[in-house]
Structures are given as C-alpha cells and as structure tokens.
Amino acid sequence: MALRSEILNLGTETALHVLAQASKMRAEGRNIAMLCVGQPDFTPAEHILEAGAKASRDGPHGYTNATGLPVLRQALAEYHSKQVGRSLDPERFIVTPGGKPTAWMALLMFGEPKSEIIVPDPFFPVYRNGVNFTQAQAAVLPLREEDNFELTADSLAEKITPQTRLVLINTPSNPTGSVISKSECDRIAELILSHDDLYLLADEIYDRIIFDGYSHHSFLSYPELDERLIYLNGFSKAYAMTGWRVGYGYWPEPLVEYASRLAVNEHSCVNGPSQMAALAALTGPQDQITEMSQAFQRRAEKACTALRALPGVTCTPANGAFYLFPRVAIDGYNSSQLSQALLKEEGLAISPGTSFGTHGEGYIRFSVAAADEELLDGVARLGNFLSNFQQGNG
Ligand code: PLP
C-alpha cells in the first residue's frame, strides 16, 4: 500500500480493542466482567452537566481560540498557581481535546530520527506509539515489580545520553498505580536541569486520584524547571469526563507558539460547551473527586487482596489512579494470549500487560473503575481460569 511506513506501523491502545470486542460479546448476550477500560464508572457531577447543557443552548457555538477559552485558561492558571504556590501564566495553558494531544504534540516537536526519548515501561501506550511514529529512538526505562514499579532518578540518569531530547514521566501511573515521591521528584528535576536542552513531559492526569498515605507532588512546583517542562493534565479522569474531551498542557514560553500552531492545524479548537463544562468542574464543588478516590481506593485494596489469594498471582498495591497490574504467569500463555483466553473462556475483559510495553509481559491490567461486585466477580473469573488450567495440567 502506498502509505508512509510510520502510518502502516502505527501502534494502538489495546485496551480500546478489548473494549470493542467485549462490548460486541455483551451485545450478543454474553455476561462480561468489563475491567479493561480506563475511565471512571461515575457520571460527571450535576453542576458540570448543567454548565455543559447551558452552553449547548446558549453558546459558545462557534470556533473558540485554538488555545482555549480565555476564561478557562485563566481558571487553570489560578487553580494550578494555588496548587503549587507560584504564579503561572494563563497564556501558557493550551486547552486540547483530552489530555492525549499534549503528549502527541510534544512528541512531534522533539522526536526525529537519531534523537532519543526516554519512555518508562510499562507506560501509557500512546507515548511509545508517538516516539515510533516520529522515528526517534525509544530509550526504554524498565519499571520493576520488585521496586513497586517506582521510577527513580538514578535509573533515569543511566538512560540519558547526549542524544536524549525528552523524558516522559507519568505520576500517578497508568498502568501500575505507583506514585513518585516528592524527594524523588526533587532529584528528577535536578537531573533534568543538569543536562542542557533536556525536556521533561510530566503527565499528571491522575493527580487528583491519590490514596491515603500518599500525596501527589507536581513537577509544576519547580520554578527552575519552567523552561524545560511540558505539563499534561485534563478533565477526563478527575471529573469523570472522558467523553467530553478536554485536557490541557502548560508549555515553556518559547514552545507556546509551536503548540498553538499544531493545535490550529490538528483540531482548530475544543468545542465550547465542553470547555464551559470543564470550567464549571474546575471552579465548582470538588466533593465528587473525594468520593471517587475513596471508591477507587476501597476497590483497589479489595481486589488486590483477592488477587493475592489466587495461586501464582502477585499484586503490588496501587497508591493512586485506578488500576492494578498483577503478575499472572501461566505456562504456554503470553499476556496477550492470556487476555484473549480470559475474554473468550471466562468473559473477563482486562488489558494484556504487553499493551503497556515489553516489560508488561507476564502481567495483566485490571481497571478498578467498576462496581465492587463486577470487580470481585472479575477476580473470581480469573481464579476459575487458573483452577481449570491447573486441573487440566494436574
Ligand atoms: N495520560 C495517561 C497516563 C492516561 O492514562 C490517559 C488516558 O487513559 C491519558 C493521558 C489521556 O487522557 P484523555 O482521555 O484525556 O486524552
């Protein structure tokens, strides 16, 4: 086919494929435990829905600024300035359709043949897809279960070479639920600054979903990183607004112009009613975030305990976000084959660990953004599969 090779080889998000497969099976009457998708099982709070509905009636109906409605950028600046205790510039916030485009834009800016981009593994699949698309080299930084999947400045330092342009970091993490501590963030910030022209993309889209005993430390806190940080966040996870498509980046001043041009060429703007709903989300009551985080924590704890009780399964507790990443090693199945067998034989929809990188082999990802009963039913289905397998081999 006469398409450029980067398009022919472009990766995808397997979780969305599993979701499509599982939804089809459900529509055909099959009972499915749906634990593959990374979105809260909550409806956005009433005041968010109201603001969206009002704006659908009253406007804005036309194109908005490519960089976002000024009133939303102002609110973002106020919110994050308060969060990190320093003054952030509204003009450097660029509102995007979901959080993803900020990562994609950064990868288009920094990735090119012979450049290196550091991608922790396992990680959000879009990062790796973007690096490959630009033909940059992905320098893979393994995150290991024995270290609780934590990314450290020391392990990162080993991957930096004179060709490294960009480092990708996600805290709290999809798919492992690990959270980088403040002291490690301090060391990472220092490390980035010690290399000329090295940039950091900090994806903090799960920053509001943090479990008791942990806290999120934002890379926006470091004024000295101001010219080196591309900050990604959005409304999808914290406000249960995945389908509304509102996210944003905070860019180094010299990159704002390029990010704006990419936005103009790629999507023109984010629809007005979604932006007004996002504004209401950010400036209105925040109670639902607490309610959701508590539910995710309760479910993650219960499911982790249940998973650990299964033979041959290990599971690291999550400290934030809404995922568990247990190791389920079964002879004769790689993680992709296991995910297909679980779907077909047990009606359990989870994501294979390898959709998050090669270091995800042997693991599967459970989303705990599902009702407690469905989640525990999913763990029981895995248990059933394992005991059938043992009987078949016993
Ligand atoms: N970053 C991470 C780590 C994610 O897990 C996701 C969504 O799953 C995103 C970014 C993108 O979110 P959005 O749906 O707002 O584009």
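For ligands, and for the atoms within them, numbers begin at 1 and follow the listed sequence.
A salt bridge is defined here as a Lys NZ or Arg NE, NH1 or NH2 lying under 4.0 Å from an Asp or Glu carboxylate O, and Asp154 with Arg187 meets this definition. Ion pair Arg299/Asp41 flagged as a salt bridge, since at least one NZ, NE, NH1 or NH2 atom sits closer than 4.0 Å to an Asp/Glu carboxylate oxygen. Salt-bridge annotation for Glu50 and Lys54: absent, with no side-chain N of the basic residue lying under 4.0 Å from a carboxylate O of the acidic one. The existence of a salt bridge linking Asp197 and Arg228 is excluded, since no basic side-chain nitrogen approaches an acidic carboxylate oxygen closer than 4.0 Å.
Closest protein heavy atom to atom 8 (O) of ligand 1: Lys237 NZ, 2.7 Å. Taking atom 12 (O) of ligand 1 as the reference point, the nearest protein heavy-atom neighbour is Ile205 CD1, 3.5 Å. Ranking protein heavy atoms by distance to atom 6 (C) of ligand 1, first place goes to Phe124 CZ, 3.3 Å. For atom 15 (O) of ligand 1, the nearest protein heavy atom (residue, atom name, distance) is Ser236 OG, 2.6 Å. The single protein non-hydrogen atom nearest to atom 14 (O) of ligand 1 is Arg245 NH1, 2.9 Å, given as residue, atom name and distance. Considering only non-hydrogen protein atoms, atom 3 (C) of ligand 1 sits nearest to Asp203 OD2, 3.3 Å.
Of the N or O atoms in Asn174, one or more lie within a sub-3.5 Å distance of an N or O in ligand 1. Looking at ligand 1, you'll find an N or O of Lys100 within less than 3.5 Å of one of its N or O atoms.
For ligand 1, the atoms sitting less than 4.0 Å from at least one non-hydrogen atom of Gly98 are 15 (O), 16 (O), numbered in the order shown with element in parentheses. Interface of Asn170 with ligand 1, defined as ligand atoms under 4.0 Å from a residue heavy atom, comprises 3 (C). Of all atoms in ligand 1, listed by their number and element, those nearer than 4.0 Å to a heavy atom of Gly99 are 13 (P), 15 (O), 16 (O).
Ligand 1 lies out of reach of Phe123, whose nearest heavy atom is not under 4.0 Å from it.
A donor and an acceptor atom, one from each side chain of Tyr222 and Asp186, are located under 3.5 Å apart.
At a heavy-atom distance under 4.0 Å, only side-chain atoms of Tyr206, from C-beta outward, approach ligand 1.
Residues Arg365 and Leu324 have side chains not in contact (no heavy-atom distance under 4.5 Å, counting atoms from C-beta outward).
Shown are Arg308, Glu145, Arg327; of these, the side chain to side chain donor-acceptor pair (under 3.5 Å) with Thr314 is made only by Glu145. Of the candidates Tyr206, Tyr363, Phe296, Tyr206 is the only one forming a ring pair (Phe, Tyr, Trp, His ring centres under 6.0 Å) with Tyr323.
Aromatic ring centres of Phe356 and Phe123: separated by at least 6.0 Å.
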